[in-house]
Protein chains: 2
Amino acid sequence: MQIEKTMKKITIKDVAKDAEVSVAAVSKVIRSAYGVSPSLKEKVEKSIKKLGYRPNTSARGMRGKTFTIGVLIVNLGNAYLPKLLEKINATLSKSGYKMLIGLGQSELSIESSLIESMIDNNVDGLILVAPHLSDSALAQYAKQVPMTVIGHIENTATSFDTINGDDFLGARLATRALVETGIKNIKMISQPLREFNKVDLNQERERGFLDTLSEANYSDVTEKLIFRASNNEDELKKELALFLDEQTLPCAIFCWSDIHAIPLLDECIKRQLIPQKDVFIIGYDNTPLASYSMINLSSIDQQAEQQGELAANALLERIKGRNTAKHLLVEPSLISRKSH
Amino acid sequence: MQIEKTMKKITIKDVAKDAEVSVAAVSKVIRSAYGVSPSLKEKVEKSIKKLGYRPNTSARGMRGKTFTIGVLIVNLGNAYLPKLLEKINATLSKSGYKMLIGLGQSELSIESSLIESMIDNNVDGLILVAPHLSDSALAQYAKQVPMTVIGHIENTATSFDTINGDDFLGARLATRALVETGIKNIKMISQPLREFNKVDLNQERERGFLDTLSEANYSDVTEKLIFRASNNEDELKKELALFLDEQTLPCAIFCWSDIHAIPLLDECIKRQLIPQKDVFIIGYDNTPLASYSMINLSSIDQQAEQQGELAANALLERIKGRNTAKHLLVEPSLISRKSH
DNA sequence: GTAAAAGTGTAGAACGTTATACAAATAATA
DNA sequence: TATTATTTGTATAACGTTCTACACTTTTAC
């Protein structure tokens with residue numbers, strides 16, 4: 001802790017010398033391995049403290065563990081990430097692990113190279129958040145390093161764990177609530193389709209949406225009720241404006257994400273459309289913004305924190321040796337505000 | 001690129017064997033070091049591609065460079081970070097560097113240990129974003145690794161670079177605009193004071209605030225006009241409510257950050273106070289949220305992207321050998337919307 | 001009192017790179 | 001042609017850890 005006078009890095013050798021003991025002994029103490037006497041332990045720990053020694057992660061990576069977990073995220077702009085990441089971080093650090101975040105740029109090639117870069121850093125495990133990669137690509141990486149994936153539905157995967165909100169249920173909750181408003185024109189705003197994955201979280205939401213409408217005896221329940229908007233922020237605005245142009249009011253809209261719901265609501269306000277009268281909107285993720293009284297967006301909360309904790313723990317278990325897959329579903333809930 | 005059949009990691013040895021050449025030769029090619037013939041180069045590159053070889057960062061870290069830059073952030077919730085980080089990432093990757101984000105939790109001890117953890121990972125350089133650490137602590141770390149700091153004013157530092165918005169000017173722009181509204185009751189909402197730093201960004205904003213008021217011949221220009229609110233989200237709400245209770249309307253308020261301005265505006269709306277009539281608010285950072293028409297917050301834009309690029313480039317220069325300090329100031333501008 | 005078991009510490013190889021020092025081959029100069 | 005430079009490739013010692021194998025003590029069991 002104290003400020004070292006010299007800039008030379010303190011290595012395990014220095015500690016060994018200071019404690020008048022072998023390098024191997026010091027290593028044993030650090031790893032709390034078997035076969036060290038209390039007196040040895042004390043001596044070494046004293047020297048470690050005195051010199052301010054910290055094991056070098058790179059060197060560790062070459063033989064043993066690095067106690068580092070790579071976390072991959074694609075879109076930092078998504079406001080549900082902070083809570084998630086903080087919880088992952090907190091959970092990991094309880095077990096002495098550090099979190100390293102890699103930031104993808106929603107381009108697939110970058111996402112791959114980021115994962116590879118993490119692997120090259122010898123992380124002990126990987127948590128991917130809503131990756132865009134294909135199932136098979138994920139399976140490949142999972143062979144190389146323990147892995148847990150959040151926000152990517154694939155419950156047949158055997159080589160990695162998945163943690164998801166129950167998106168089908170979430171969509172049902174939202175759609176149900178919209179149905180109950182009595183509005184007949186109900187739409188959903190979704191994401192572009194992914195080509196290569198069997199199921200993705202958004203398909204589940206779409207399924208829940210359509211399913212609920214059918215159940216409520218809506219007529220003409222088809223994919224046409226689903227509008228797939230771009231993820232690009234600038235495009236999105238234009239597309240949403242066009243979308244609104246085409247709607248007959250009053251209109252109820254379920255958005256796959258607050259990132260879409262808030263700009264949509266924004267566009268509505270601009271047009272002087274009144275929530276709970278002309279438009280009824282429900283978002284997803286219950287982003288912090290949703291709760292501001294100027295926005296007041298109803299949204300599905302999918303418990304990011306719980307997902308983060310589950311993911312971190314699942315990964316730690318995997319690192320400890322579990323090699324069967326876990327696929328966990330977290331139950332979402334509807335937070336009702338003034339937008340529907 | 002292709003999918004490997006085997007899970008064994010491909011090392012430089014494998015490449016050497018495949019290319020029928022020495023390990024040293026391969027290393028030379030990778031580093032594009034002096035003394036390799038075109039034919040050797042070609043052979044090796046072919047094998048690298050064929051085997052999908054990627055150098056192991058840990059191993060690299062033990063001798064040479066890791067081509068990894070650590071970026072430290074404290075509060076992920078701050079919506080001005082995404083743009084900043086993305087720009088840093090983009091700039092670094094142009095030069096073949098990877099960015100690794102470490103997430104602090106606004107506790108000092110964690111911040112230190114995070115930096116240390118980065119150093120232990122043998123990063124080639126460090127970018128700190130708005131660190132809470134003391135000047136002297138920063139100087140200590142700067143001795144161990146090339147470092148650039150964003151959002152921390154200390155233009156006497158010699159061992160590291162700093163990149164900042166011109167906070168004095170930014171505050172002046174905002175305050176000037178508030179003065180021009182004609183409102184007499186002008187306040188500022190700032191952050192808690194930092195004990196150990198000579199100057200910090202917020203003090204600069206406070207200085208700009210007071211300075212402008214004096215210049216405009218306001219009477220009784222003292223620190224009492226500055227309200228220091230908590231950074232904790234929950235506390236903040238209560239404090240802002242109390243703050244508003246005490247104000248005589250109309251009232252103009254300059255907030256040191258949109259993170260504070262938006263909840264403040266929110267509280268105003270709740271109380272049915274009308275912006276541009278009862279309250280006049282200007283924030284800082286020009287967060288994406290500010291531009292939503294439900295929020296419509298005037299804010300000082302401090303060009304996060306430019307700061308990110310400057311920081312990344314400054315760091316790369318330092319890594320290349322520059323050892324004099326650079327202290328750059330980015331000029332901010334007022335984005336006028338409907339809150340003042 | 002001896003043999004076996006348990007406990008405690010150490011030597012040293014290994015991990016995958018880099019980079020220095022050098023050898024061999026080739027080209028340039030005298 | 002003999003000498004000196006230059007170019008090209010290689011052997012190998014680091015880097016800071018971990019961990020296996022082993023040796024030496026001490027304890028336990030009979």
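Here is the naming used below: chain letters follow the sequence lines, and residue numbers restart at 1 for every chain.
The closest donor-acceptor contact from the side chain of A:Ser32 to the backbone of A:Val29 lies at 3.5 Å or more, if one exists at all. No donor-acceptor pair closer than 3.5 Å links the side chain of B:Asp124 to the backbone N or O of B:Ile69.
Under the 3.5 Å distance criterion, with hydrogens and angles disregarded, a donor-acceptor pair is assigned to the side chains of B:Asn122 and A:Asn56.
For the pair B:Met62 CE and D:dT17 P, the computed distance is 8 Å after rounding to whole Å. Rounded to an integer number of Å, the gap from CG of A:Asp120 to C1' of C:dG16 is 12 Å. Taking atom CG on A:Asn121 and atom C1' on C:dT17, their separation rounds to 14 Å, with Å as the unit. Rounded to an integer number of Å, the gap from CZ of A:Arg54 to C1' of D:dG16 is 14 Å. The distance from atom CD of B:Glu20 to atom C1' of D:dT10 is 15 Å, rounded to the nearest whole Å. Remark: C1' of D:dA14 and CG of A:Asn56 are 14 Å apart, rounded to the nearest angstrom. For A:Asp124 and D:dT18, the CG to P distance is 12 Å, given to the nearest whole Å.
Comparing A:Ser58 and B:Leu40 by the nucleotide of DNA chain D that holds the closest heavy atom to each, the one mapping nearer the 5' end is B:Leu40. A residue-by-residue look at A:Ala24 and B:Arg60 shows that A:Ala24 has its nearest nucleotide of DNA chain C further toward the 5' end.
OP1 or OP2 of C:dT18 sits under 4.0 Å from a side-chain N or O of B:Ser27. The phosphate of C:dT10 (OP1 or OP2) has a side-chain N or O of A:Ser22 nearer than 4.0 angstrom. The side chain of A:Ser37 places an N or O atom within less than 4.0 Å of a non-bridging phosphate oxygen (OP1 or OP2) of C:dG9. Contact between the side-chain N/O atoms of B:Arg31 and the OP1/OP2 oxygens of C:dA19 is found at a separation under 4.0 Å. Note on A:Tyr34: every side-chain N or O is 4.0 Å or more away from OP1 and OP2 of C:dG9.
For A:Ile12, whose side chain is taken as the heavy atoms from C-beta onward, the closest listed nucleotide among C:dT17, D:dT18, C:dT10 is D:dT18.
Residue A:Lys28 places a side-chain atom within donor-acceptor reach of the base of C:dG9, judged by atom type and a 3.5 Å distance cut-off alone. The base of C:dA19 has none of its N or O atoms less than 3.5 Å from a complementary donor or acceptor on the side chain of B:Arg63.
In this structure the side chain of A:Ser27 reaches within 4.5 angstrom of the side chain of A:Ile12, judged on heavy atoms.
In summary, of the residues considered (A:Lys326, A:His327, A:Arg318), a side chain to side chain donor-acceptor pair (under 3.5 Å) with A:Asp161 occurs for A:Arg318 alone.
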